[in-house]
Structure formats: C-alpha cells, structure tokens
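Structure first, then comments.
Throughout, protein chains are lettered first and strands after them, A, B, ... in sequence-line order, and every chain is numbered starting at 1.
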Amino acid sequence: MLDPKLIKEKPEIIRKMLTDRHVQFDLDLLISLDSNRRELIIKTDEMRKQKNKVAMEIASKKKSGQNADASIAEMQKVSQELQTLEANQIKTESEYNRLNMTMPNLVHESVPIGADDSANVVVRSWGTIPKFDYKIKDHIDISQNLGLVDLERAAKTAGARFYYLKNNLVRLNQALLHFALDFLAERQYGLVQPPYMINRNSMEGAIIADDFENVIYKVQDEDLFLIGTSEHSIAAMHADEILEGKDLPIRYAGISPCFRKEAGAHGRDQKGIFRVHQFEKVEQYVFARPEDSWNEHEKMLAIAEEFYQKLEIPHRVMLLSSGDLGKVSAKTYDIEAWMAGQNSYREIVSCSNCLDFQTRRLKIRFRDKTNEQTQHLHSLNSTLVATTRTLVAIMENFQTQDGHIRVPKPLQKYLDTDII
RNA sequence: GCGGGGGUCGCCUAGCCUGGUAGGGCGUGGGAUUGCUAAUCCCAUGUCCGUAAGGACCCGUGGGUUCAAAUCCCAUCCCCCGCGCCA
C-alpha cells in the first residue's frame, strides 16, 4: 500500500509509475474516492463533536437533578444522523481501501523502463559455462535414469507439477537446506521456521490481490492459505507492532515449503521439477530503516551470489525492468543459473526491496525513543535457495559422462559422498 | 474438546459489579528549580481529519441494548491455569 498522502499530493508520481509498469489502474477513481472520504470524515467528526457536547449536557443536568428530556430528544436526533453519515463514510472508506490495496508499489529510479523481460539488464556474470565433449542430458533424464525422481506416480497421486524425490536426491535436497541455513546463521541471520498456513489478513499484507488467484492455495472451510514462500509468514510476523530502532535491521533466514498454483504458466516448463507446485526454500527477509534499505538490498544480493559461487554454479545477475517487476517490489534483481540441459540461464533467485509497501499494509513501524513519531519500516526479501531449481542446476551442470552427478564441494559433508 | 481466569493509549496497572469526557506508575523527550553524574516539580507521549486553530477516534475484534458502553448483552479470536484427547 502506498502512502495516501503521496497519492493525494503527488499523483503525477503515481501516474508515471503506472505507465512504467504497464499497469491498468483507475487512478482518477481512487483520487475522487479519497477526496470523498476526507469530506465524509470531516462531516462525521463534526456530528460526533455535536453528540459529545449533548452527552455532556445530559450528564451534567442529571447530576444536578435537572430535567434532561430536551437534551435527550436532541441526542436521539443527532445519533440518528450520525448513523447514516457513519454508514456512508465506512462504505467510501472501504471502497477506497479495496482499490488502494490493488495499487502496485513505486518503481525505483535505477530500474530500467520497459514493457517486459526483454528490457531486463545483465548486471554481471560469474563462472564459466561448462563444456561437455559428450552428449549431455537434461535433469529429467538424469534423475529418472538414477531413480531419483518419480514423476509418473506423482501425477497419479497429486497431478502435474508434483514429484516424488527419491534416495540421494532427498539427501541432496536436505543438504542444500542445511548448507543454506548454516550459511545465513554464520552471517547473523535469525533462523525462522514459520507457519505454513496463514490467515487472509496476514496474506493480504504480503501480496497483492491478483496473487491470491494465481499463486495462493486456499484451505477449504478455514481462514487459512498455504504460503507461497516463508516471506509471506515472516512479513506478517511483526504486524501491528512498533519495533525498537536499536534492534534494526532485523535479518531472518526463513525455511519452509512453498506452495504455488502456477496458474497462468500453462505449457511452460511442463516437465521435470523446474516449475512445480511445491518445493522447499531458504529465504532472506530483512526489516530495515528506510535510509538503510538500498544498502541492505545490495548486501542480500551479494550473499545470494556468494552462495552460488560456493556451489560453483555459473550464474548471472539480472536487473528487472519496470514491466517485469513484481507489483509489491520497487526493485528486483534476479539471479539466473546456467542450466546445461536447457542451454540457457534460468531464474533461481529473486531479491527485492519492497520499501514500506508491505509494512504499511501490516502496520509494522519503529521508533528510537518512545516519545518519537513512529515510521514504517522497509522490508526486503531474497531467495537464498529454492531447492528444486537448484537441484536442476546441479544435476545438469555437474553431470558426468556415465550419467552420474558430482556433488558440489560444500554439500559433500552433508551427504557423505562426492558422487550420486 | 470441557471448566475457570484474562486481553485497557510503547511496557506495567486502576476503572468493569453500581453505564455519564480512560486515571496512575515506568520508560522516553522537553522545561523549571536547587551550584555539582543526583533529587523534586510541570508539560508532552497512539491513530485519523485539518495549512492551522481545533476536532474526532482508540479499552482484542464484530454486532446489539441505551439519549449515552472500557463498563451491560450476544458472537468471535487470542493468551494463561486445570481436566480430557493426541504425534
């Protein structure tokens, strides 16, 4: 959610953001709802003032034993008028809020302007693309030959985009998670295993309406939704809190399964475990002071890059263009890993600064002294590792001529082997 | 799941029975005073509207009763204690 004051005072900034993002949004409606709502607030406040005045009259008359009938009659009238005004105000207010909740975040000035991912910019590349002097396989062939993944039976029991991981791939999956947690713990991140289901209010704080339909699974008959990432749970963790300035920044390493509908991805990455409904992820989530957030953003990216360098997975850093940017984010870097079996770079990390967009929805504020004005925090999130995609990168890049998989060095101690 | 207790403006707490502008302490900031790293006193301290003066709102949440609700009634969520069930 954006600051209502910004919308009122500098609508041209919002209008530019909407054009840059190529998003359709009825800004004029929002602005007129806003001025409506302000007018109604003034009117109802005045009526309430009147009501308070009469209430005091009644109280003092009763106390001194005078007849209060005339005042009570007036009070009845005022109360009734107030009721209609209030109903009107609440209606306008909620219309305004509903529309405002669908408004995307601002776009940072460093973000390239463009309609879609073709305008994304390569920031830097790391590692050398592996050369093979034999015919290589994709992760599906490799894993099936080694009995590491069962997709057919998963299709039977759950449907498309599900999988049974088996044997040493289960261990490799766990090793990635273990390594990722150790990696962030070393960097003073607090470890968090959050609720895998959260209520609507919490979910609405972290995401924008469209996502409910396209990515989020709802639990039948409960006010609960399966998280698409631990970001959702962790964002809402401090909702309605005022944090102490001295505790900032707060850096969390979230570990959780992630559940995604993948609606609207029909036909893309249909086979294998690259795009699936369920995977595990270790996530970086940071609450920072507004003035520190851009610095924190770069730090989080650097940590993610270092992680893949340790794993020796070649990758490149992309800066997403305005048209490709998620609605909640003001600036996003993706890390794309080289996937030998697909002969291309594919997204494995997404690192975003959401400014005060989520914290405003969730009312997460801070202050240094208890008598100071509170301020909304900035929130940032970045993948450290999403297991299935990294498994694909490892299988495809580290495959051997005889169809086995070399285990990346940092993971060997967790698996007790250097080859699968 | 059952029984009992509870949720008050950053934190702690009074008020609830007996409805009439939410009081105190701590913390924090500012000021006053006494010559000293202290004590005492005063003011401020959340949200919204308003350029401001000022006003409105805020007692877990949502309804209801009433001229008027922190207070009474109903529903609901959460926490604590006991019992039951359970990986």
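- Closest to the side chain of Arg37(A), out of A56(B), C49(B), G10(B), is C49(B).
- C57(B) is paired with G46(B) under the Watson-Crick or G-U wobble criterion, all donor-acceptor distances under 3.5 Å.
- Using a 4.0 Å heavy-atom cutoff across all strands shown, Gln373(A) reaches sugar-phosphate atoms only and no base atom.
- With a cut-off of 3.5 Å on both Watson-Crick or G-U wobble distances, the partner of G62(B) is given as C74(B).
- Of the candidates Lys271(A), Glu396(A), Gln144(A), Arg389(A), His139(A) forms a side chain to side chain donor-acceptor pair (under 3.5 Å) with just one, namely Glu396(A).
- Comparing U47(B), C49(B), U51(B) against the side chain of Arg38(A) picks out C49(B) as the nearest.
- If you check every strand for non-hydrogen atoms under 4.0 Å, Asp368(A) touches nothing.
- Mapped onto RNA chain B by nearest heavy atom, Asp45(A) and Met56(A) fall at different nucleotides, with Met56(A) at the one closer to the 5' end.
- The listed nucleotides are G50(B), U47(B), C57(B); the one nearest the side chain of Thr374(A) is U47(B).
- Nucleotide C2(B) forms a Watson-Crick or G-U wobble pair with G82(B), both donor-acceptor distances falling under 3.5 Å.
- Where Ile58(A) and Ile90(A) each meet RNA chain B at their nearest nucleotide, the meeting point lying more 5' is that of Ile90(A).
- With a 3.5 Å ceiling on both atom-pair distances, A52(B) lacks any Watson-Crick or G-U wobble partner.
- Within the cation-pi definition used here (under 6.0 Å to the ring centroid, within 45° of the axis), Arg200(A) qualifies as a partner of Phe212(A).
- For A22(B), there is no paired nucleotide, since no Watson-Crick or G-U wobble pair has both relevant distances below 3.5 Å.
- The Ala59(A) side chain lies nearest to G20(B) when the options are U28(B), G20(B), G55(B).
- As judged by a 4.0 angstrom heavy-atom cut-off over every strand, Ile42(A) is placed among residues touching the sugar-phosphate backbone only.
- A cation-pi arrangement is present between Arg187(A) and Phe183(A) under the rule of less than 6.0 angstrom and at most 45 degrees off the ring axis.
- Searching all strands for a Watson-Crick or G-U wobble partner of C17(B) with both distances below 3.5 Å returns nothing.
- Under a cutoff of 6.0 Å and an axis angle of 45°, Arg171(A) and Tyr414(A) do not form a cation-pi pair.
- Distance from the side chain of Arg48(A) is smallest for C57(B) among the nucleotides C57(B), G29(B), C49(B).
- Contacts of Lys8(A) with the nucleic acid, taken as non-hydrogen atoms under 4.0 Å apart, involve only primed sugar atoms and P, OP1 or OP2.
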